[in-house]
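First comes the structure, then the notes that go with it.
These numbers were taken from a predicted model, which means no experiment stands behind them.
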There are 2 protein chains.
Amino acid sequence: MEIFKVLRKSDLFSQIDDQTIAKMINCFDAKGVVFEKGQQIVGQGQEIKDIILLAKGEANAQNEDLFGNISIILNISSGDFFGVEEAYAEEPCYKDSLVATEQSLVVFFNKDKLISPCANNCLCHQILTKRLVKILSSRSLALTDKIKHLSQRGIKDKVLSYLQTQSRHANSRYFDIPFNKTELANYLAVERSALSSVLSKLKKEGIIDFEKKRFFLKNIKE
Amino acid sequence: MEIFKVLRKSDLFSQIDDQTIAKMINCFDAKGVVFEKGQQIVGQGQEIKDIILLAKGEANAQNEDLFGNISIILNISSGDFFGVEEAYAEEPCYKDSLVATEQSLVVFFNKDKLISPCANNCLCHQILTKRLVKILSSRSLALTDKIKHLSQRGIKDKVLSYLQTQSRHANSRYFDIPFNKTELANYLAVERSALSSVLSKLKKEGIIDFEKKRFFLKNIKE
DNA sequence: TAAGTTTTGTTGTTTTTTCAACATTTTGAG
DNA sequence: CTCAAAATGTTGAAAAAACAACAAAACTTA
């Protein structure tokens, strides 16, 4: 079945043999559904019944505030999960909507079956929970990094904070970032044009250099 | 032993009987240490050997950037953990330093013993992992909320985004926030005086009202 | 209660960011 | 290759935020 190939690509099921995956699919009452571009997969405020794996395709986590402004919280790509935090933090509803931005294969896992150990006391839950802890931890670290950047006062400080993290992560003063400039502006929550001029200035000053998505960050210390 | 009383207050050990806690202490090689105000508990970049529970007292998670600027990332209070994300995401080092802001009792849990199931295959790890998932999920949701606020362009939007969340959380248009105005400015990463004048303006416009830490948010929709 | 400290609000100046508009370059589809 | 669309850089005017400085209010605590 194609779903096996797809599941094996997600963090949650990688390096687990097909037999075990089959057991898990059964155990967690997994159901695959195809959504077309633009369709809503789940709605903000909707009661949580499933944890969602975006097995194939792309979707946006969107949030609508009291004024009706819609903002894109997160871009969900193939292999990502949605609703895990809400489910395990015992929140009743999804915090955001999930909308397909292209044709997508979505797998729904029954939340209750996922959370409580099943009758036959299989290993599924142990394996799963252990992996979840790692996924959640990594996500938490990424979020903390982003907060660190966003908390900087000026655009210059924001972008340098971001580049430092990327540089440190790549363990080199030369590194690629996963965004183009427009996306970077969006990530750092600043005006694209302002970001552009700040980058130009930093380049002139010799503090950074860049070309497309490749950056160089001068080592400030020492 | 006093440590039992203290542990029972943390999310990780609440509602677990003393006998099991005793087993866990043994299982995870837990060690309690007292730190004085101003002392560093662990340092940024230091190799992770333990997950840390601040059993009593208060501490700050601090981050020093390449320019030498120190910023307070998080205030850790009694019952909070430090280093969980790094440990489970398999990062080699602590991202931040932890510094006691008052006399504190700190419990160190051996990271490796915590993560891998022990020889006698006790229930400790299952209980623990399950609780961790919940703790991590809640933390992740809180971080996502904060990012949502910080991503708003103006101070006015930032503070309204924050108040909306608080209001929704309290399920009432009247609610208390956990910050005074100075702390709120710090949380939203804006100038205190600017926040103050924005709040005044919103109050004049009748959109919000406040008195000390108690707020009222007018329902904008409908 | 009195004195000192912290919190809060206000205001004017300076700096920074946003906004809008446009030119140039790059990318991608056909 | 060609054309349209998207991404990028630049600039000047308008708006907003940071900054600095101060006064009033609230809260400690001796």
Derivation of the salt bridge (charged side-chain N to carboxylate O under 4.0 Å, His left out) call for K95(B) and E85(B): CA-CA 10 Å; K95(B) 297 277 186 180; E85(B) 283 91 344; over 6 Å; no

Begin from the C-alpha positions of D18(A) and R8(A) and carry the test salt bridge (charged side-chain N to carboxylate O under 4.0 Å, His left out) through to its verdict. CA-CA 9 Å; D18(A) 282 2; R8(A) 243 183 278 114; 3.1 Å; yes

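- Of the listed residues (K146(B), K148(B), Q166(B), H149(B)), just one forms a side-chain hydrogen bond (donor to acceptor under 3.5 Å, both in side chains) with S161(B), and that residue is H149(B).
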Each nucleotide in nucleotides 7-23 of chain C should get exactly one letter: B, S or -. Can you fill that in based on protein heavy atoms under 4.0 Å? SBBB------SBBB---

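- Salt bridge annotation for R214(B)-D176(B): present, with a cationic side-chain nitrogen under 4.0 angstrom from a carboxylate oxygen.
- Atom pair R214(A):CZ and dT8(D):P shows a separation of 17 Å (rounding to whole Å applied).
- Applying the side chain to side chain donor-acceptor pair (under 3.5 Å) criterion to E90(A), with sequence neighbours excluded, gives K134(B).
- Summarising the geometry, the separation between CD on E211(A) and C1' on dT26(C) is reported as 11 Å, rounded to the nearest angstrom.
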